[in-house]
Structure formats: C-alpha cells, structure tokens
Amino acid sequence: MIELRNIHKRFGTLEVLKGIDLTVGEAELVSIVGSSGAGKTTLLQIMGTLDAPSEGDVFIDGERVNSFSERRLAHLRNTKIGFVFQFHQLLPEFSALENVMIPSLVSGADRKTSEKRAGELLELMGLSERMSHRPNALSGGEKQRVAVARALVNRPTVVLADEPSGSLDTHNKEELHRLFARLRDELHQTFVIVTHDEMLSRQADHVIRLSDGRIV
C-alpha cells in the first residue's frame, strides 16, 4: 500500500523529519498525532507526493515514486490518492455533485460515468437531497462530507486527511469520525489522518505518534 523508508526532510539547516519508517496496509485507519511542529503535516505531504523527502524512499502500491516526473506524480495523485483538508476547499461556483465529479473528469472519465459515481458517493454520505446545492448553502459538516466524497471518486488506494475535523463542532466531528470508520469497513478504504482529536485517534487501527521528527 504505502511504505516509507528512512524518510528525512530538511528545510535549510532545520531537520523536520529524522528517519521515518512506516508501512500502511490495505483497509487500515491510521492516525498521526503529535504536538505542533512535530512534522505531522510534512509527513503527510511526503506520503501524498506533494513534497519530496530530502532522503529516503516512498513506495505506493509497490512502486518507488521518488524518481517519477511531475506529470507522472500528478497522475498518481489523481488516480491513487484522495485528499481531505481541514477546510473543505470546495469550488464555490459548482454544486456538491459537480465538485465531487471534478477529479473523475480530470482523470478522463466521461460525464455520465462521473456523475453516476459522484451521485452514488453523495448518497452514501447521506447527502442525496443536497447534491444540487452549492457550498454556501451547506453546513460545515455537509461540506466536509462532500470533500470526502470528492476524495473517493476515483477509487484511490489511500485517502490522506489533514485535520479534517479541525473546523467542525462536536456533533459534526463525531459524524465525520463515524463516517471514516464506516468507509473503512464497507468500502475497505485506507485512511491516514493527521489529527489533534483524541476521539478520532482512539477509533484508528494504528496510532503513529510523532515527536521532534521521529516516531515514538
């Protein structure tokens, strides 16, 4: 699935990650926790090929991706990796359905196929009555569920989420956490989630604790 070997990341003289070895298997819900500055988001970005390690190797589905061209990395991200961020980052001019469809259309799927898949996912998220609504007509929790559907539309190998419940109230946090667990169980979807939320980390199959750039 995803394997990291001896990952180091330096920004000038500052070493943020100091030799990370990590394997994420299929249908696992993994949380990455640690204090601010521990290197959590940097690690997630390297796992998602949004940033490159200064040293070490990244394998996704058995392929070493370090030497991939930017074009090949972009294709990898679009087809094998889904992303969910703290703030949903939905496009305001498009409906919920259209927002979910976009990665599928970018990957080359036809509109009918993309619309069918997006609709099925929004129904799974409990948003069948909200598909035509634009983001400004959705609640915070609904926006995040649309963002999760968008991350899933291309059937990715893994979904990477960076503080996905950080901007939500308690009720919507709980709903989102239950959703991740259900998607792992029903779709056998793999999630790697950076979070400060102890409730979410307790629901994970594995908890990775970072401190000063190392797994502890």
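Every heavy atom of this structure was used, including side-chain atoms; hydrogens, water molecules and symmetry mates were not.
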Can you list, by chain and residue number, the hydrophobic cluster partners of V106 when the side-chain cut-off is 4.5 Å? L91, F94, I102
Could you pull out all residues at least two apart from T23 that satisfy side chain to side chain contact (heavy atoms under 4.5 Å, CB included)? E3
Value for OG1 (T113) from CE (M101), rounded to nearest 0.5 Å, stands at 9.5 Å
Run F83 and R77 through side-chain contact (heavy atoms from CB on, under 4.5 Å) and show every step you take. CA-CA 9 Å; F83 295 94; R77 286 191 290 268; 4.1 Å; yes
By the side chain to side chain donor-acceptor pair (under 3.5 Å) test, which pairs, at least two apart or in different chains, include something from residues 120-131? K116-E120, R130-H133, R130-E142
Full working for side-chain contact (heavy atoms from CB on, under 4.5 Å) between V84 and L160: CA-CA 6 Å; V84 181; L160 306 179; over 6 Å; no
How long is the gap from CE on M47 to CD1 on I2, to the nearest 0.5 Å? 4.0 Å
For the backbone of A204 and the side chain of S31, can you confirm whether one donor and one acceptor N or O come within less than 3.5 Å of each other? no
Residues which pass salt bridge (Lys or Arg N to Asp or Glu O under 4.0 Å) with D51, listed by chain and number, not counting sequence neighbours: K9
Tell me yes or no: between the side chains of N154 and T79, is some donor less than 3.5 Å from an acceptor? no
Selection residues 92-106 - residue pairs positive for side chain to side chain donor-acceptor pair (under 3.5 Å), sequence neighbours left out: S95-E98, S104-S114
Stepwise side-chain contact (heavy atoms from CB on, under 4.5 Å) check, V16 with R10: CA-CA 6 Å; V16 177; R10 305 178 187 91; over 6 Å; no
Any residue meeting side chain to side chain contact (heavy atoms under 4.5 Å, CB included) with H206, in chain and number order, not counting sequence neighbours: E28, V30
Quick note, salt bridge (charged side-chain N to carboxylate O under 4.0 Å, His left out) partners involving residues 103-112, not counting sequence neighbours, are none
Sequence neighbours excluded, which residues qualify as salt bridge (Lys or Arg N to Asp or Glu O under 4.0 Å) partners of R117? none
Smallest separation among heavy atoms of T190 and A27, with atom names: OG1-N, 2.8 Å
Using 4.0 Å as the upper bound for N to carboxylate O, is an ion pair formed by R5 and E55? no
Extract all donor-acceptor atom pairs below 3.5 Å that involve side chains of residues 58-65 and protein atoms in other chains or at least two apart in sequence.
unit_1 : atom_1 : unit_2 : atom_2 : d
D61    : OD2    : K80    : NZ     : 3.3
D61    : OD2    : T157   : OG1    : 3.0
E63    : OE2    : R72    : NH2    : 3.2
R64    : NE     : D57    : OD1    : 2.7
R64    : NH2    : D57    : OD1    : 3.0

Determine which pairs satisfy salt bridge (charged side-chain N to carboxylate O under 4.0 Å, His left out) with at least one residue from residues 167-176, sequence neighbours left out, and list them in order. K173-D197, E175-R178
Taking salt bridge (Lys or Arg N to Asp or Glu O under 4.0 Å) as the test, write out the residues that go with D205, two or more places apart. R184
Between the CG atom in L43 and the CG atom in L4, the distance rounded to the nearest 0.5 Å is 6.0 Å
Got a sec, which residues hit salt bridge (Lys or Arg N to Asp or Glu O under 4.0 Å) with E26, two or more places apart in sequence or on another chain? none
K40 side chain to L210 backbone, donor-acceptor under 3.5 Å: no
Look up atom CG in L176 and atom CZ in R145, then write down how far apart they are to the nearest 0.5 Å. 9.0 Å
